[in-house]
Amino acid sequence: MKKLRLGAISFDHPHQYGWVGAALDLPMVELVAVADTIPEQAEEAWRALPEEVAILESVDDLLARDDVDAVVICSTNAYHREHAEAALRAGKHVLLEKPLATNLADASALLELAAAKGLSLTPTYPCRFDPRAVDAKRRIEAGQIGRILAMHATNHLKKTPEGWFVDPLLSGGGTIMDHIVHGIDLMRWFGGREVVEIYAEAATLARPGLGVEDVAMLVLAFDGGAIGSCDPSWNRPLKSVNWGDVSVRILGTKGALEFDLTGQYFTRTLDAGEEGGVVQVQFGDNMNELLMKEFAEAVLAGRKPSVTDVDGWQGVACIEAAYKSARMHRAEEVAMLPEARGNRGAR
Amino acid sequence: MSGSGSRGAVRRVLLVGEAERAEREAAYADISGIQLTAGDVGVVDVFTRDPDLPPAVAGALADGKTVFMHAPRAAWRSALLSLHREHGGRLRLARPARFDPRIESMLAGADRPEMGEVITVRAIRLAAAGANLDALEWWALDVLVTLGGAVERVFCQRSALRGEAEDQVLSVVRFANGAIGYAEASAAYPPAGERTLVEVVTEQGMLEYDSATSPNRLLGERLQVLEETYVESPLRRMLGAFVESLDDGVGVREAAAEERLLELAVAAAAKTPDGAEAVTL
């Protein structure tokens, strides 16, 4: 079997542990090398790696390798453009942790470079690959809920983000930057329509003094007339039984669909031990693995992965509109790529 | 049950409108000292979608009557706000969420000192086509006012999803204390989609209610999640408190809180146009 030879760049974002784990589990992916410029933060992951995986402390050294076809990048948001540009210039396909960039100028530069090089630039939107989302998409396309009228998403998180996530210079922002893209991407995908206007309220309330906003609420208008909302807040109590949620509620002319990607679990109650208390134990498929599998198969087949750079760019456009709205207290138009207009209804 | 109610002379009440008429009749019948009549009255209880309502309310107020208004239509709210300001405690407004045991209990829970300040409130009411959107929205907005307090700014998106009549309202609010709120009311969901969700997040905790998770169920042709039931209905509690406030002379104080709800509802009814700024109260 031909394998995608993968390199992993940076463990700044802990999602890299999931991508590396998926790469090690998939038969069509060979994890060739990992690189992190802060070795101590990656030691835990490195200890678990097979001996044949090269461990590097230089991104340039990884990108210089001829035996790497593609990279998955999980650096600090502010370094997404630098690392992705370097990878594309080195001829590597790129799977890039969301958001694609912290601003549209950087996102546009990445799209132009990927197009010029003929390489894939894929944002990590794994939610589309969860079987519940896939099933919802199938039911929508089969007409089971009719024409979509309204869509609502939440992507809550406990009050846990620390480090660079709450440093605006490194993250680009808080809960809007970090958490609106999954819900919005799912809604764009389900509806086949772009978000055209956003109103947002945002504030730092769950942890006063934090450097970025940790609570937000967005009202959305989609092309074609549907409306919606998105709540990306990092406001869940630390003692919540779950880390957060990714829930979607879709209203159509013939019915409604609802699901929560964290809602497939059994409850464990334990009197004793360090893990005592009530715990939700989730089960089912690993959406990170499903995204990585599709990315690898697409690159190996010489086609674009189903989640595209345009999807990533539109996510950044929504982020920019939301921040502007939160500053101006008015609804803001969302920038749109011509390719996104062309894709309307085709998803 | 007969319990709290008028302790003075018999109050004559005229019911106007067919909305929840049987429930209103039953509630008033349960309050001592109340006589429902079509004749000369001191109190008019209004729950209707009659488009000619505001002049009739103005007339009743001018005649010295007290008017109790349930969930006014969006189109009337500005006129009612003017009347409210003119007549003070004699135009009273329903607070259906304030007297809902679910919300009352959540308010008590949120008020516990260890919870800290409220930072977000979400109130969602979903109902099937044909439901009274104004009533659903009024309830959701009342949840925001009850649990979040005074509102400083509101952005509202109103849509007619299924036909020409509005059937979906989304409002994002900023409370005076900086917290963020969200109210959603829909009369466009399938019959099985009827649902109530309320979430309050505070600095140190969270309170959640979702009617879909109720263990009260009827299994027939399809699964039916049953509504909570109470010995004393929320409507009876609300009307009982209204009648008591008349006797106790606290109507003006109650009216101040009701005016905050009406001000919010007026702003929400304005439907923020595309690209427009939020309404500052």
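Proteins come first, then strands; the chains are lettered A, B, ... in the order of their sequence lines, and each starts at number 1. Since we're looking at a predicted model, the values are computed, not measured. We use all heavy atoms of the structure for the numbers below, so side chains are in, but hydrogens, waters and symmetry mates are not.
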Working for side-chain contact (heavy atoms from CB on, under 4.5 Å), residues A:R249 and B:L126: CA-CA 11 Å; A:R249 183 159 46 87; B:L126 312 175; 3.5 Å; yes
side-chain contact (heavy atoms from CB on, under 4.5 Å) between A:H152 and B:I124, worked out: CA-CA 11 Å; A:H152 306 276; B:I124 299 173; over 6 Å; no
Trace of the side-chain contact (heavy atoms from CB on, under 4.5 Å) decision for B:M206 with A:R236: CA-CA 7 Å; B:M206 178 166 69; A:R236 273 19 201 174; 3.4 Å; yes
Audit row: A:D231, B:Y182, side-chain contact (heavy atoms from CB on, under 4.5 Å) steps and yes/no: CA-CA 9 Å; A:D231 182 347; B:Y182 172 71; over 6 Å; no
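Of all heavy-atom pairs between B:I180 and A:L205, the closest is N-CD1, 4.2 Å. The shortest heavy-atom contact between B:P190 and A:A256 is CG-N, 3.7 Å. Across every non-hydrogen atom of B:G205 and A:P237, the tightest pair is C-CG, 3.6 Å.
With a 4.5 angstrom heavy-atom cutoff, B:T280 does not touch chain A via any of its atoms. Of the atoms belonging to A:S240, it is side-chain heavy atoms, and not backbone ones, that fall under 4.5 Å from chain B. In this structure, chain B has no heavy atom under 4.5 Å from any part of A:K239. Within the 4.5 angstrom heavy-atom criterion, no atom of B:A129 approaches chain A. Contact annotation for A:R147: only side-chain heavy atoms (C-beta onward) come within less than 4.5 Å of a heavy atom of chain B. Neither the backbone nor the side chain of A:T204 comes within less than 4.5 Å of any heavy atom in chain B.
Contact tally against chain A (heavy-atom pairs below 4.5 Å) for B:Q204, B:E184, B:E203, B:Q168: the top residue is B:E184. When A:A202, A:P208, A:A216 are compared by the number of non-hydrogen pairs under 4.5 Å with chain B, A:A202 comes out ahead. Your options are A:L238, A:L218, A:N235, and the one with the most heavy-atom pairs under 4.5 Å with chain B is A:N235.
Taken to the nearest 0.5 Å, the OG atom of A:S229 stands 7.5 Å off from the CZ atom of B:R122. For the atom pair CZ of B:R174 and NE2 of A:H329, the computed distance is 7.0 Å after rounding to the nearest 0.5 Å. Between atom CG of residue B:L161 and atom CG of residue A:L149 there is a gap of 5.0 Å, rounded to the nearest 0.5 Å. A distance of 8.0 Å separates CG in B:L170 from CE in A:M217, rounded to the nearest 0.5 Å.
Counting heavy-atom neighbours within 6.0 Å of B:E227 CD, excluding the residue itself, gives a total of 12 or less. Atom NZ of A:K324 has 12 or fewer heavy atoms from other residues, nucleotides or ligands within 6.0 Å.
Looking at A:E201 and B:T120, their side chains never come closer than 4.5 Å, going by heavy atoms from C-beta outward. Two residues are said to be in side-chain contact when any heavy atoms from C-beta on lie closer than 4.5 Å; B:S171 and A:V219 fail this criterion.
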